[in-house]
*Asks:* 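Have a look at the structure that comes next, please.
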Amino acid sequence: MRYDFNKIEKKWQDYWAKNETFKAENNSDKPKFYVLDMFPYPSGAGLHVGHPLGYIASDIYARYKRHQGFNVLHPQGYDSFGLPAEQYAIQTGQHPAITTAENIKTYRRQLDQIGFSFDWSREVRTSDPSYYKWTQWIFIQLFNSWYNKDSDKAEAITELEKIFASEGNLNVNAVCDDAIEPFTAEDWIRFDSKKQQELLLQYRLTYLAETEVNWCPALGTVLANDEIVNGVSERGGHPVIRKKMTQWSMRISAYAERLLQGLDTIDWTDSLKESQRNWIGKSVGAAVTFNIVGHNEVIDVFTTRPDTIFGVSFMTLAPEHELVAQITTPEQKAEVDAYVLATAKRSERDRMADVKTISGAFTGAYAEHPFTKEPIPVWIGDYVLAGYGTGAVMSVPCGDQRDYDFAKHFNIPIPNIFEGIDISEEAFADKEKTVIANSDFLNGMNYKKATKRAIYELEQMGQGEGKTNYRLRDAVFSRQRYWGEPFPVYYIDGMPQMIATEHLPIELPEVEKYLPTETGEPPLGNATKWAWCTETNTVVNNDKIDGKAIFPLELNTMPGWAGSSQYFNRYMDPQNDKEIFSKEAINYWQQVDLYIGGSEHATGHLLYSRFWQKFMFDLGLVPHDEYAKKLINQGMILGTSAFIYREEGTQTYLSLGLIEGKKVQPIHVKVKYVIASDELDIEGLKADAEFGEDYADAKFVLENGVYKVGRDVEKMSKSKYNVVNPDDIVSDYGADSLRLYEMFLGPLEQYKPWNTAGITGVHSFLKKLWKLYADDNGLKVNDAEPTKDNLKTLHKTIKKVQEDIENFSFNTSVSTFMIAANELTAQKCTSKAILEPLLVLISPYAPHIAEELWSQLGNNGSIATVPFPEFDASHLVESSKNYPISFNGKMRFTLELPLDMSKEDIEKTVLANEKTQEQLAGRTPKKVIVVPGKIVNIVG
RNA sequence: GCUCAAGUGGCGGAAUUGGUAGACGCGCUGGAUUCAAAAUCCAGUUUCUUCGGAAGUGUGGGUUCGAUUCCCACCUUGAGUACCA
């Protein structure tokens, strides 16, 4: 019997599919466990060996939990809306749905051959109308809700309308647009419908607003901040400019505090929580109002240091601030205008890149200090951002380095309000050591006391209040793309109307071209059948639009994160056509117990999905306001690139050891032409279909008979020729080898390089394992009584593997299996009582070989739900211990002593030993430390 | 700049409440088997060494009988973020 992995793996993959081995039931007496992977975007390139890393880890955990008696939900699906399929459609005219379906097919084939225990009956695709129906449904729920700060949750907009009708908006404490006009109940009733709708829109959790967006002309779309890297688009690297557009926004800012607090209740990695905290950016301080001398307007600022208010020596407004034009004096107008113009010309990118140059202009206007009533000059400067806080700051040069630099540059006075601090060189920003001086009623106070008192005094005067500010901005939810969820929205007289949920889904229309229209409208503007008939409740041709019963539909589509923000709940009941998921399903599965995925989603998907979950919780749809109890970030698998070295200007390639002192160009070569020990397969390279010709005349200079390549660890990417395809690994070594090797590489969370050469280690382990069970003469397992050593090996393996899985330390269990196989081989173990439970231990890691041997041993059915072996400590009890004997903490030799020997006897025996005397060389030990069962340390 | 993570052989890495540093694997060296190669098996493989030993976990200090592990300062690398008032 040979270990024919290709045959075995196919056999069991077919078996699992046919028997629906991993189908999870929504009602079960078993305890539930939900293991989730971040679902993939099915790209055209297919999987490389880095992608399945997290899937293998979660699969091991899911399989382990089944052995532990849990009903495990382990689903998989596709985040299948996205830009690449659309880009491809623009280039080729092929419908993105076709490209996407093909790519999914490839993904599915690749995933299947790795042997994952997914319940494929629950697959979802975000681009499938039966799925995005519910994305549209949630959007409507958000539209129909507002955030009540008093109850601190989302509530129905119909309730808000009732409040407006009975008492106006004066007492409404809501998260809403800034500067909403106050109105009474009488006003509300008098307003026409359009006015009422406009007002309500300012309160809804998703709303239309004129927003400055990151417009990417090349892609014809708006990008989120996290889709822009270094000022260019993440995908494609195209330039991005600022542009004003009417866009849907999500009022995520309403949830800022709850998103922050919720982090303390979930077991996610600290670095991820830290990213989210930074992103939310809570700062506690005060809002302060400064009157402007000779004007009715006021300047509102936000400050985290109200304790330093007596140190204010100027104000700074963002150049874009709306007051700038009004308050600038005629004498200063020319200078201010020039500065505003110069700033507007500089792109966001330039402003960011150039943080050292100090620039600004004096407006000629003066604000009035709320306490001293002294005039304070008002400046503008581009270090103040229009988009953060109020776009204005009270500048305290002695306490803030940027204000300090600005003051120095423009010769503005720098009053010192800190006791015993020298500020002649730099500002003093240490809150802890602050003692306030020269500040009237704040003198002698520390930061905390002074802050409290300053806020109190400001409130008394009506010129300020304590305030908490968040950096988190509302999220723009419109995209000018084709391949995304259409909005369930039509417009009457410019006002958005929701389509009733019973008419969902509103399916994507067909278009001739996937580009924006000539008039600059999104791709859906190309559709000829994209109007809503309110009589038939269907999508009809645009030419029927009459403004009476038939209206235009929304032309934008939803962003990439829409479909991924609730998919984890949809998996619980994916085929439900009546509800997003049934009460029974959500009450049974509750929430995700373990979520594994990449840390690159820290402030995108992982924040937005928490926001939607909290909203769903407020609506009473889900039982938890956090959807994932525990989250682990898998690290990235990096490629090990290979280089050959061409002597400049020649066709001569030098082996790595010969390049010293020579002028050479390193050139990437495909890693598949590198065999073990970094040796280049020259014949293979020359025969390469793509690049072989380039090397027809090449001369390779060898060292010791071989050509050695240079190696470097880089991200896996096509352009670096270091991508390794799992298909090749599976066909050469098998899925079990791939699974084991990915885990064996190192800790799950860590970044680590892939090197195919190393896979022979785990592969020969599997062959060795096989040989424990069978040889050329067939099965050799028998009913022999296990020896003490056999039992010891088995039980220490059970203990270690169980601990490792529970700690997500999968790399160390692979080592443990190797040790077990090595020991049992040495012990010539053939006992079924040992070898049968060993298969259960290994089966989460290498399920195919485990299933095959399990059935060879005469068992019926799958090994998948066989109980995990029980650890019995009695097999590990020892009677003696090989004590390390150390001198001043350094181990010098070991000594076998009985474990029941007393401390005194150990000391005597050790001191009497001749090796001890040798070590001491005549010295008398000062002290002897004996830790029974652990160590002996002799000091002296 | 700030925040977080990580620095251990030629390489990936192990050492779970402080107690034998380098498990396991790759690679390398030697040997067996083979006409030869692959595969397989056996032995060795941190460094230095006067072969008795000695040093050693990024650097420098500290706590301790004993530190890869705890504390302080610093250096390096990676990730995220940034004129955030």
*Asks:* With rounding to whole Å, what would you report as the distance between C11(B) and U45(B) at their C1' atoms?
*Replies:* 14 Å

*Asks:* Check every atom of G25(B), A85(B), A23(B) against the side chain of S815(A) and return the nucleotide holding the closest atom.
*Replies:* A23(B)

*Asks:* So for K890(A) and G56(B), does any side-chain atom that can act as donor or acceptor lie under 3.5 Å from a complementary atom in the base?
*Replies:* yes

*Asks:* Look at the side chain of E803(A) and the base of U16(B), then say whether one donor and one acceptor between them are separated by less than 3.5 Å.
*Replies:* yes

*Asks:* Between U3(B), C24(B), U17(B), which nucleotide has the shortest distance from any of its atoms to the side chain of K934(A)?
*Replies:*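 So the side chain of K934(A) is nearest to U17(B).
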
*Asks:* Between A23(B) and U68(B), how far apart are the C1' atoms? Round to whole Å, please.
*Replies:*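 After rounding to an integer number of Å, I get 15 Å for this pair.
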
*Asks:* State yes or no: are the ring centers of Y741(A) and H763(A) separated by less than 6.0 Å?
*Replies:*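 Judged by ring-centre distance (under 6.0 Å), Y741(A) and H763(A) do not meet the cut-off.
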
*Asks:* Between G27(B), U16(B), U20(B), spot the one nearest the side chain of K881(A), thanks.
*Replies:* U20(B)

*Asks:* Suppose you measure atom C1' in U20(B) against the same atom in A15(B); what distance do you get, rounded to whole Å?
*Replies:* 11 Å

*Asks:* Between the side-chain atoms of D382(A) and the base atoms of C83(B), is any donor-acceptor pair under 3.5 Å?
*Replies:* yes

*Asks:* By nearest atom, which of the nucleotides C4(B), C83(B), A15(B) is closest to the S271(A) side chain?
*Replies:* C4(B)

*Asks:* Out of A54(B), A82(B), A85(B), which has the shortest distance to the side chain of R892(A)?
*Replies:* A54(B)

*Asks:* For S809(A) and D400(A), take the nucleotide of RNA chain B holding the closest heavy atom to each; which residue's nucleotide lies nearer the 5' end?
*Replies:*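 It is S809(A) whose nearest nucleotide is closer to the 5' end.
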
*Asks:* So which nucleotide from A85(B), C65(B), U3(B) ends up closest to the side chain of I929(A)?
*Replies:* C65(B)

*Asks:* Quick check for you: among U81(B), C4(B), G13(B), whose closest atom lies nearest to any side-chain atom of E274(A)?
*Replies:* C4(B)

*Asks:* Ring centres under 6.0 Å, that's the criterion: do F744(A) and F810(A) meet it?
*Replies:*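 No, ring centres 6.0 Å or more apart.
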
*Asks:* Strictly below 4.0 Å: does K767(A) bring a side-chain N or O up to OP1 or OP2 of U40(B)?
*Replies:* yes

*Asks:* Does a side-chain N or O from Y751(A) land closer than 4.0 Å to OP1 or OP2 of G78(B), or not?
*Replies:* no

*Asks:* For U33(B), give its Watson-Crick or G-U wobble partner with both distances under 3.5 Å, or none.
*Replies:*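 Looking at the geometry, U33(B) pairs with no nucleotide.
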
*Asks:* Is the gap between the ring centers of Y733(A) and F5(A) under 6.0 Å?
*Replies:* no

*Asks:* Looking only at the side chain of K768(A) (C-beta and beyond, no hydrogens), which of the listed nucleotides C26(B), C41(B), U20(B) gets closest?
*Replies:*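 When the side chain of K768(A) is considered, C41(B) is the closest of C26(B), C41(B), U20(B).
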
*Asks:* Looking at the side chain of F744(A), which of U16(B), G19(B), C24(B) is the nearest nucleotide?
*Replies:*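 That would be C24(B).
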
*Asks:* Which nucleotide, G66(B), U40(B), A21(B), lies nearest any side-chain atom of N937(A)?
*Replies:*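 That would be G66(B).
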
